[in-house]
Amino acid sequence: MTLTQSTNQALLDAQLNLLDNTFGYIKSMALKAALDLRIADAIEHHGGAATLPQIVDRVTLHPSKIPSLRRLMCVLTVSGVFGVQPADGSSELLYALTPTSRLLVGPRNLVSITAMSLSPHFVASYLELGTWFQQELPEPCIFKLAHGEPLWKLAEHDATFDALINDGMVSDTSFITDIAIKESGEVFQGITSLIDVAGGLGAAAQAMSKAFLHVEYTVLDLDHVIAKAPTGTNVKYIAGDMFETIPPANAWILHDWGHDDCVKILRNCKKAIPPRDAGGKVIIMDIVIGAGQSNVKHREVQALFDVYMMIINGIERDELEWKMMFSEAGFTDYKIIPVLGVRSIIEVYP
């Protein structure tokens, strides 16, 4: 290969990478279309593998769009959402569920959190990302810049959007909590009472209440969230503001917030938490950037999550940032357990 050929190939490789990043949103929109059409459900109906005509029989599709559906399936297979192989005795291709698309079917699926993340409210917000960088923190967040009000304010008066958020949080939290219980159940051993701070409809508490029957579970969240909480369960729901006070318990589960807000919440937790030798601790299920696997996909998703949290001025942290926050809130020690994929369980001790 000549120097000129080598240079040209380097330019083409660079262009390929640029195009891959430029058109990355098309993969997301192809996935959204698969959710809207319920393609994974159609394939599952046929035992986990189906030809295009079999998929067409189960989805709402105008006949003129069948050739376009074949093109959509090409994107969904090269991206790993579905598998594909020749069908026996037929010229048709056979599309199959993969481990990824199996997360889109069944009773414990991730459809709701995926639909939430791909909804117009979220996607449109990131069109303002460049503009947001030109403005001083903390206000407005990306979501407010795009929609005129913060995410949680919109949820208070828009029932459809509120349901989208709640359903998304329930599916994500249920999924990750089930794995946390199976992988690190010892984290919850010895606890007699637990409060899920800003726990929404209580998906985490509900999952744990089935695994650890001896624990008293409480969910703390705002009035309009608690008003929609399920009844007839072993979980108690309390309306309140975690920035003001938190009821006493042995342990807390904490979710994503900005630095100053997290410190306030942690300080309130510490006020009510018993000493470490009495079982007092805060349990956090969140990303620790750099923790866990070191492969490229793992690191990429952690980085994407960090920018994703900018939508509400949130942040994902590395271990040093977590440590500084725990120290500022008055805690003395912590333990990171990287068993939740891109997330970790963090135990924080008074």
Side-chain angles (χ1 to χ4, degrees), residues 20-41 72 75-76 79-82 98-106 108-130 132 140-147 149-155 158-179 198-201 203-204 225 255-258 285-287 289 297-317 340-344:
D20 183 54
N21 282 279
T22 300
F23 293 128
Y25 74 95
I26 293 178
K27 290 198 295 185
S28 298
M29 293 302 101
L31 177 58
K32 183 180 186 302
L35 294 181
D36 294 341
L37 295 172
R38 301 188 65 178
I39 293 175
D41 290 312
L72 177 71
V75 173
L76 293 168
S79 62
V81 176
F82 297 112
T98 63
T100 298
S101 47
R102 287 193 182 279
L103 295 178
L104 305 178
V105 297
R108 305 293 282 182
N109 63 70
L110 292 176
V111 169
S112 294
I113 185 62
T114 307
M116 184 196 85
S117 300
L118 295 177
S119 70
H121 280 101
F122 280 72
V123 174
S125 297
Y126 287 96
L127 297 176
E128 301 295 335
L129 185 58
W132 176 81
C141 64
I142 298 173
F143 191 92
K144 184 177 179 181
L145 188 64
H147 302 290
E149 58 185 330
L151 185 151
W152 307 117
K153 287 292 183 183
L154 178 60
D158 186 326
T160 301
F161 183 68
D162 187 46
L164 180 75
I165 298 297
N166 285 332
D167 291 346
M169 293 297 99
V170 167
S171 71
D172 182 52
T173 304
S174 298
F175 176 81
I176 209 69
T177 303
D178 282 346
I179 294 177
L201 300 183
V225 177
H255 305 278
D256 331 75
W257 292 94
M285 289 187 284
D286 207 341
I287 288 176
I289 293 178
K297 180 67 70 175
H298 189 97
R299 295 293 183 242
E300 180 184 19
V301 172
Q302 286 190 336
L304 291 172
F305 250 111
D306 192 21
V307 176
Y308 178 66
M309 291 310 301
M310 288 181 185
I311 197 168
I312 54 171
N313 282 347
I315 185 174
E316 302 296 357
R317 305 169 177 87
L340 302 180
V342 296
R343 295 168 173 150
S344 297

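Owing to the predicted nature of the structure, the values given are computational and were not obtained by experimental measurement.
Heavy atoms only, all atoms of each residue included: F82 and A34 are closest at CE1-CB, 4.5 Å. Closest approach of D172 and L110 over heavy atoms only: CA-CD2, 4.2 Å. Closest approach of V170 and A203 over heavy atoms only: O-CB, 3.7 Å. Closest approach of H121 and F143 over heavy atoms only: O-CE1, 3.8 Å. Nearest approach of V123 to L118, heavy atoms of both residues: CG2-O, 3.6 Å. The shortest non-hydrogen separation linking A146 to A124 is CB-O, 4.4 Å.
Atom CE of M169 is separated from atom OG of S112 by 10.0 Å, given to the nearest 0.5 angstrom. The distance from the CD1 atom of I176 to the CE atom of M285 is 8.0 Å, given to the nearest 0.5 Å. One distance of note links CD1 of I39 with CG of L72; it measures 5.0 Å at 0.5 Å rounding. Rounded to the nearest 0.5 angstrom, Y126 OH and I142 CD1 are separated by 5.5 Å. To the nearest 0.5 angstrom, H147 atom NE2 is 7.5 Å from L154 atom CG. For the atom pair CD1 of I113 and CD1 of I165, the computed distance is 8.0 Å after rounding to the nearest 0.5 Å.
Among residues two or more places apart in sequence or in another chain, the side-chain contact (heavy atoms from CB on, under 4.5 Å) test is passed with T98 by T100, S101. Contacts of D36 classified as side-chain contact (heavy atoms from CB on, under 4.5 Å), with partners at least two apart in sequence or in another chain: K32.
One N or O on the side chain of S171 and one on the backbone of G168 form a donor-acceptor pair closer than 3.5 Å. When atom types are taken as modelled, the side chain of N166 and the backbone of A163 share no donor-acceptor pair closer than 3.5 angstrom.
Shown here is R299, whose CZ atom has more than 12 heavy atoms of other residues, nucleotides or ligands within 6.0 Å.
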Q) For L31 and K27, what are the C-alpha separation, side-chain angles and deciding distance, and is it a side-chain contact (heavy atoms from CB on, under 4.5 Å)? A) CA-CA 6 Å; L31 177 58; K27 290 198 295 185; over 6 Å; no
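Contact of the M309 side chain with the E316 side chain is registered, since non-hydrogen atoms from C-beta on lie closer than 4.5 Å. The shortest side-chain heavy-atom distance between T114 and L103 does not fall under the 4.5 Å cut-off. Contact of the I312 side chain with the P150 side chain is not registered, since no non-hydrogen atoms from C-beta on lie closer than 4.5 Å. You'll find the side chain of R38 stays beyond 4.5 Å of the side chain of L104, heavy atoms only. The closest side-chain heavy-atom distance from W132 to N313 is below 4.5 Å. Side-chain contact between D306 and Q302 is absent, with no heavy atoms from C-beta onward closer than 4.5 Å.
In this structure, F161 and F122 have tilted ring planes: the angle between them lies in the 30° to 60° band.
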